[in-house]
Amino acid sequence: MPPIKAIVFGAGVRGTLYANFALEYPDDLKIVGVAEPDTQRREAFAQQHGLDAKQCFTTWEDLLNAGKHADAVINATMDRMHYASTIAALEAGYDVLLEKPMTPILSENVSLIQTAEAQGRLLQVCHVLRYTPFFRTLRRIIDEGTLGRIISLDHRENLAYWHMAHSFVRGNWRNSDLSSPMILTKCCHDFDILQWLLRRKVLHLNSFGSLTHFTSENAPHPDVPLRCTDGCPVAETCKYDAQRFYGTDNPGWPHEVVTPIATREARLETLRTSPYGRCVYHCDNNVVDHQTVNLQYEDDITATLIMNGQGHEESRSIRIDGTNATLTGKFRDPYKINIYHHHTGKKETVPVEFIERSGHGGGDTGLMRGFVNALRGIPDDSLTTARESLESHLLAFAAEEARLKHTVIDMTAYRHHVEGLYR
């Protein structure tokens with residue numbers, strides 16, 4: 001069976017990572033084109049995948065206008081470019097793997113699904129957590145009935161303080177007017193995985209959160225400059241000092257986001273003009289740095305989803321209380337799942353496979369494998385079609401509305417409203 005041919009919109013971190021599947025599994029996927037406005041990234045991507053000049057384009061429009069030469073599109077453009085680029089790809093006859101979130105505009109999410117279904121194309125969203133050995137193990141444990149009837153669940157997205165500063169204060173997802181609300185950008189993953197684990201719909205939700213720390217009023221000194229490169233008086237004691245954090249020869253994310261040139265000198269020079277050189281207390285960020293969502297599911301299951309931007313480490317953690325046992329898990333190397341059996345009092349440790357070379361705890365490779373298999377007509381139960389992904393996005397939009405209006409959202413009525421509004 002020949003490899004699936006794909007073109008890539010956006011050769012940034014995510015686009016490059018997904019495309020790397022073709023380098024590791026050339027019999028399954030072949031990259032035959034790229035659209036990327038950044039010259040350095042475009043040329044590096046082309047060299048990596050053996051593309052000539054005729055296969056490289058500055059914009060996704062130019063790539064589509066060059067004719068159809070592939071089976072699928074891997075769309076890793078910025079959030080607010082997702083809609084137009086995906087609609088055009090679907091209408092051009094491509095199946096699409098789309099980075100999450102689908103789009104920060106509620107109506108556009110519905111339109112994407114309608115277009116994919118009308119065109120008879122696969123539109124799969126990159127909810128990679130479904131493909132991780134960790135969450136697949138959790139799903140198996142729940143389905144086997146080990147925990148008994150599920151009563152409550154607590155799920156935390158523990159965002160490390162430096163990741164919060166990198167992506168959501170200085171970075172591309174700092175401002176909801178330019179990208180998406182934090183709860184959609186970061187936690188549509190989490191809404192999706194809770195729905196996948198519990199196999200039940202949310203009936204009601206409310207939410208609380210704010211931008212509390214990363215504001216000018218919290219600057220640690222009155223003479224803190226706008227940029228870390230301009231002689232900050234508290235640089236030595238500030239954990240967010242950009243020169244110390246990015247000024248390294250280390251390869252890979254997040255340092256490569258500043259510049260793909262992996263030298264300390266190049267990065268320090270770039271910080272003088274890059275958004276990543278700004279003081280975290282003097283940015284144009286407006287997304288929350290912490291948020292809690294309370295959820296009532298069918299069958300009287302209650303759950304909390306907490307996004308915290310001041311964590312000491314990057315991880316997700318979960319606790320599930322059932323009538324027979326309690327489960328605690330940590331999605332972070334080393335991955336841990338423990339089951340505490342109520343009747344015997346025994347603790348059971350469940351082993352979790354660790355896939356070292358794949359990001360998101362094995363999820364990135366699993367996602368690409370699932371996409372290729374779906375295109376070959378053999379989808380698995382982790383397939384995240386846009387129709388399924390709509391639910392996680394609706395929950396995120398509803399949570400943001402609940403936070404801003406200080407109200408409880410009836411999700412049954414909310415779904416009917418959205419369906420009627422955009423039918």
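Computation of the quantities below employed the complete heavy-atom set of this structure, encompassing side-chain atoms and omitting hydrogens, waters and symmetry-equivalent molecules. A quick note: this is a predicted structure, and the numbers were derived from the prediction, not measured.
Rounded to the nearest 0.5 angstrom, Leu29 CG and Ile4 CD1 are separated by 8.0 Å. The CD atom of Gln119 sits 5.5 Å away from the CD atom of Glu91 when rounded to the nearest 0.5 Å. The NE2 atom of His189 sits 12.5 Å away from atom CG of Leu194, with the distance rounded to the nearest 0.5 Å. Summarising the geometry, atom CG belonging to Asp38 is positioned 8.0 Å from atom CZ belonging to Arg42; distances are rounded to the nearest 0.5 Å. To the nearest 0.5 Å, atoms CD1 (Ile74) and CE (Met368) are separated by 4.0 Å. Distance check, rounded to the nearest 0.5 Å: CG of Asn175 to CG of Asn286 gives 4.0 Å.
Although no hydrogens or angles enter the test, the distance criterion places a donor-acceptor pair under 3.5 Å between the side chain of Arg267 and the main chain of Thr248. The main-chain N or O of Met164 is never found under 3.5 Å from a side-chain atom of Ser167 such that the two would form a donor-acceptor pair. In this structure, the side chain of Ser111 does not engage the main chain of Ser107 through any donor-acceptor pair within 3.5 Å. Judged purely by atom type and a 3.5 angstrom limit, Gln291 has no side-chain atom pairing as donor or acceptor with the backbone of Gly209. At least one donor-acceptor pair closer than 3.5 Å links the side chain of Ser85 to the backbone N or O of His82. With hydrogens and angles disregarded, no donor-acceptor distance shorter than 3.5 Å links the side chain of Arg415 to the backbone of Asp410. A donor-acceptor contact shorter than 3.5 Å is absent between the side chain of Ser315 and the backbone of Asn158. Side-chain N or O atoms of Asn109 include one that pairs as donor or acceptor with a backbone N or O of Thr103 at under 3.5 Å. Side chain of Asn75 to main chain of Thr77: a donor-acceptor pair is present (N/O by atom type, distance under 3.5 Å, no hydrogens or angles).
Contact check on Glu99 versus Arg14 returns a salt bridge, with a Lys/Arg side-chain nitrogen under 4.0 Å from an Asp/Glu carboxylate oxygen. The pair Arg244-Glu236 fails the salt-bridge criterion, with no side-chain N (NZ, NE, NH1 or NH2) lying under 4.0 Å from an Asp/Glu carboxylate O. Under a 4.0 Å N-O distance rule, the pair Glu117/Arg387 qualifies as a salt bridge. Ionic pairing of Lys239 and Asp241 is not present here: no N-O contact between side-chain nitrogen and carboxylate oxygen is shorter than 4.0 angstrom. The existence of a salt bridge linking Arg376 and Asp71 is excluded, since no basic side-chain nitrogen approaches an acidic carboxylate oxygen closer than 4.0 Å. A salt bridge is defined here as a Lys NZ or Arg NE, NH1 or NH2 lying under 4.0 Å from an Asp or Glu carboxylate O, and Asp143 with Arg199 meets this definition. Using a cut-off of 4.0 Å between Lys/Arg side-chain N and Asp/Glu carboxylate O, Glu388 and Arg130 are scored as salt-bridged.
Considering only heavy atoms from C-beta on, Gln296 stays 4.5 Å or farther from Asn206 through its side chain. Counting heavy atoms from C-beta on, the side chains of Ile301 and Ile151 never come closer than 4.5 Å. Using a 4.5 Å heavy-atom cutoff, the side chains of Thr328 and Tyr340 are in contact. Looking only at side-chain heavy atoms (C-beta outward), Ile337 and Glu348 stay at 4.5 Å or farther from each other.
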Tell me, with the steps shown, if Glu400 and Lys405 meet salt bridge (Lys or Arg N to Asp or Glu O under 4.0 Å).
CA-CA 9 Å; Glu400 186 67 356; Lys405 294 182 178 180; over 6 Å; no
Run the side chain to side chain contact (heavy atoms under 4.5 Å, CB included) check on Asn294 and Ser207 step by step: do they pass?
CA-CA 6 Å; Asn294 301 303; Ser207 183; over 6 Å; no
Go through the steps to decide whether Leu295 and Leu305 satisfy the test side chain to side chain contact (heavy atoms under 4.5 Å, CB included), and finish with yes or no.
CA-CA 8 Å; Leu295 306 133; Leu305 168 59; 4.3 Å; yes
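Under 3.5 Å, the side chains of His342 and Asn324 contain no donor-acceptor pair of N or O atoms. His155 and Thr304 are not linked by any side-chain donor-acceptor pair at a separation below 3.5 angstrom, with hydrogens and angles left out of the test. Side chains of Thr263 and Asp249: no donor on one and acceptor on the other come within 3.5 Å.
For the pair Ser392 and Cys188, the tightest heavy-atom approach, listed with the atom from each and the gap, is CB-O, 3.5 Å.
Ring centers of His49 and Phe45: under 6.0 Å apart, within the cut-off. Ring centers of Phe245 and His255: under 6.0 Å apart, within the cut-off. The ring of His163 has its center closer than 6.0 angstrom to the ring center of Trp253. Aromatic rings of His312 and Tyr161 (six-membered ring for Trp) have centroids beyond the 6.0 Å cut-off, not under it.
Other residues, nucleotides and ligands contribute at most 12 non-hydrogen atoms within 6.0 Å of the CZ atom of Arg264. For CD of Glu144, the number of neighbouring non-hydrogen atoms (other residues, nucleotides, ligands) closer than 6.0 Å is greater than 12.
Classification of the His166-Tyr246 ring pair by plane angle, with boundaries at 30° and 60°, yields tilted. Between Tyr240 and His213, the ring planes lie tilted relative to each other; the angle falls in the 30° to 60° range.
Here side-chain hydrogen bond (donor to acceptor under 3.5 Å, both in side chains) pairs that include residues 218-235, with residues two or more places apart or in two chains, are Thr215-Asn218. Listed by first and then second residue, the salt bridge (Lys or Arg N to Asp or Glu O under 4.0 Å) pairs involving residues 152-174 are Glu157-Lys186, Glu157-Arg316, Arg174-Asp284 (not counting sequence neighbours).
The side-chain tip of Arg369 points at the ring of Tyr25 from less than 6.0 angstrom away and within 45° of straight on.
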